[in-house]
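What follows is one structure encoded as structure tokens, with my remarks underneath.
Whatever order the structure lists them in is the order used to number ligands and atoms, beginning at 1.
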Amino acid sequence: MEERLADELRAHADSDREFVERAFRLVVRRGPEPAALERALAVLADGTLSRAAFMLELTSSAEFARIRLLDDAVAIGLAARRRGERITSHFAPPRTDERVVEIPWVLSRLRPSGRVLEIGYAYAEPAYLAALIRSGVELVGVDLATRDVEGMETVVADVRKLPFEDGSVDQALLVSTLEHVGSDNSVYGLPVERDGRARVRALRELRRVLSPDGRLLVTVPLGEPGDYGWFRQEDEEGWMRLFEKGWLEVEESETYELTRDGWCPSPAFEAEGVRYGQRGPAASAVLCAELRPGPRRSLVPWPRGPRDAAARDEPAGPASL
Ligand SMILES: C[S@@+](CC[C@H](N)C(=O)[O-])C[C@H]1O[C@@H](n2cnc3c(N)ncnc32)[C@H](O)[C@@H]1O
């Protein structure tokens with residue numbers, strides 16, 4: 001039989017139910033909810049929609065639009081990584097959240113191999129996790145919340161107290177996670193905290209586990225400093241101060257802001273009056289930075305005792321974090 005005809009016959013060989021389930025998994029990458037399945041079967045049965053029209057409806061949905069944005073972000077990041085290029089001065093569509101900038105920025109800087117921690121993976125975008133899993137690195141997801149992810153080692157741990165040896169990590173990724181450490185994380189099923197020193201503790205702990213040539217890729221919301229309860233936003237100076245207090249040095253950093261025309265690089269970003277959620281669905285601006293271990297700066301002598309115990313339990317040094 002002619003191949004074109006065989007394909008057409010195959011396209012109609014399954015039941016409407018099988019077709020709807022397959023279409024949902026292919027387009028929106030999940031099965032249909034019961035009500036959506038029932039409605040789809042009804043419109044296919046009464047001829048309101050053909051199978052082709054049903055596919056068009058699915059691909060025209062807001063859900064698919066977001067899947068496409070994230071797929072684009074991943075594809076751009078991975079293609080740059082393959083070419084050995086770092087994404088800089090990136091532009092992304094308007095009315096979107098910051099992942100469209102953060103994901104390509106981070107993926108283009110992902111090492112070719114080595115031990116990589118993804119901190120805060122439990123609520124990460126599936127497309128981003130899938131890209132990391134396929135990337136060839138020795139990936140470990142770390143989060144206080146639990147989420148099983150096939151193909152990825154996962155560890156339930158606090159970023160302030162990591163179960164890894166000193167200097168054992170090549171790269172750590174924190175995509176929109178640092179700002180949440182020590183805040184009210186009940187939205188993620190975690191206890192409420194109000195620990196203003198937590199972010200510096202996290203940074204010092206990450207510095208401890210990084211190898212001397214290891215790097216931390218961090219993305220955080222940028223704008224007028226403020227405590228939003230479930231996270232804390234800083235301006236660029238504020239984040240830089242925290243990195244320094246975390247004994248990390250900035251190797252590279254870029255700021256982006258969301259404008260009416262979309263996300264664009266913003267080297268002279270003015271944080272005053274810029275609130276989270278003001279310009280779009282989430283951050284109004286974002287800082288992307290690559291950090292390397294820096295010298296420990298201490299105004300008072302280090303307490304005696306094993307070096308890692310001091311760093312693990314109480315990041316000593318100056319009392320103020
Ligand atoms: C906004 S979500 C992260 C988003 C995600 N990284 C992404 O790529 O979309 C914040 C995450 O931080 C995790 N988290 C908060 N405090 C933590 C802590 N102290 N240690 C480890 N994970 C923490 C939460 O459970 C949550 O998964």
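Within the 4.0 Å heavy-atom criterion, the part of Ser176 lying near ligand 1 is the backbone and not the side chain. Contacts between Ala198 and ligand 1 below 4.0 angstrom, taking non-hydrogen atoms only, are absent altogether. Contacts between Leu174 and ligand 1, counted as non-hydrogen atom pairs separated by less than 4.0 Å, are absent for every part of the residue. Contacts between Glu102 and ligand 1, counted as non-hydrogen atom pairs separated by less than 4.0 Å, are absent for every part of the residue.
Near Ala157, with a cut-off below 4.0 Å to any heavy atom, the atoms of ligand 1 are 20 (N), 21 (C). When each atom of ligand 1 is checked for a heavy atom of Asp158 under 4.0 Å away, the hits are 18 (C), 19 (N), 20 (N). Against a heavy-atom cut-off of under 4.0 Å, Ala145 is close to the following atoms of ligand 1: 25 (O). Each of the following atoms of ligand 1 lies closer than 4.0 Å to a heavy atom of Val181: 19 (N).
Ala124 CA, 3.4 Å is the protein heavy atom nearest to atom 7 (C) of ligand 1. Protein heavy atom closest to atom 24 (C) of ligand 1, with residue, atom name and distance, is Asp143 OD1, 3.5 Å. Summary of contacts: the protein heavy atom closest to atom 20 (N) of ligand 1 is Val159 N, 3.0 Å. Looking only at protein heavy atoms, the nearest one to atom 9 (O) of ligand 1 is Arg99 NE, 2.8 Å. Here the protein heavy atom with the shortest distance to atom 16 (N) of ligand 1 is Asn185 ND2, 3.5 Å. The shortest contact between atom 5 (C) of ligand 1 and any protein heavy atom is with Gly120 O, 3.3 Å. Among all non-hydrogen protein atoms, the one lying nearest atom 3 (C) of ligand 1 is Thr177 OG1, 3.3 Å. Among protein heavy atoms, atom 2 (S) of ligand 1 sits closest to Tyr188 OH, 3.5 Å.
Under 4.0 Å is where a charged nitrogen must lie from a carboxylate oxygen, and between Asp71 and Arg68 no such pair does. We find that Asp97 and Arg99 are not joined by a salt bridge, their nearest charged nitrogen and carboxylate oxygen being 4.0 Å or further apart. Salt-bridge annotation for Glu251 and Arg215: present, with a side-chain N of the basic residue lying under 4.0 Å from a carboxylate O of the acidic one. With respect to Arg201 and Glu193, no salt bridge is recorded, no charged nitrogen being found less than 4.0 Å from a carboxylate O. Salt bridge Arg66/Glu125: present, at least one basic N to carboxylate O contact under 4.0 Å. Salt-bridge check for Asp170 with Arg115: failed, with every basic side-chain N at 4.0 Å or more from each acidic carboxylate O.
The residue among Leu129, Leu144, Val155 with a heavy atom at the shortest distance from atom 22 (N) of ligand 1 is Leu144.
Cation-pi geometry between Arg51 and Phe19 is satisfied (NZ or CZ under 6.0 Å from the ring centre, within 45° of the ring normal).
One N or O on the side chain of Asp143 and one on the backbone of Ala122 form a donor-acceptor pair closer than 3.5 Å.
Looking at Met240 and Val250, their side chains come closer than 4.5 Å, going by heavy atoms from C-beta outward. Taking 4.5 Å as the limit, every side-chain heavy atom of Val159 sits out of range of all side-chain heavy atoms of Leu178.
Between Trp230 and Tyr188, the ring planes lie tilted relative to each other; the angle falls in the 30° to 60° range.
The shortest N or O to N or O distance between Val175 and ligand 1 is below 3.5 Å.
Ligand 1 lies nowhere less than 4.0 angstrom from a heavy atom belonging to Ser183.
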| said: Pair Glu252, Arg86 - check salt bridge (Lys or Arg N to Asp or Glu O under 4.0 Å), show working. | reply: CA-CA 11 Å; Glu252 186 189 2; Arg86 295 168 158 243; 2.3 Å; yes
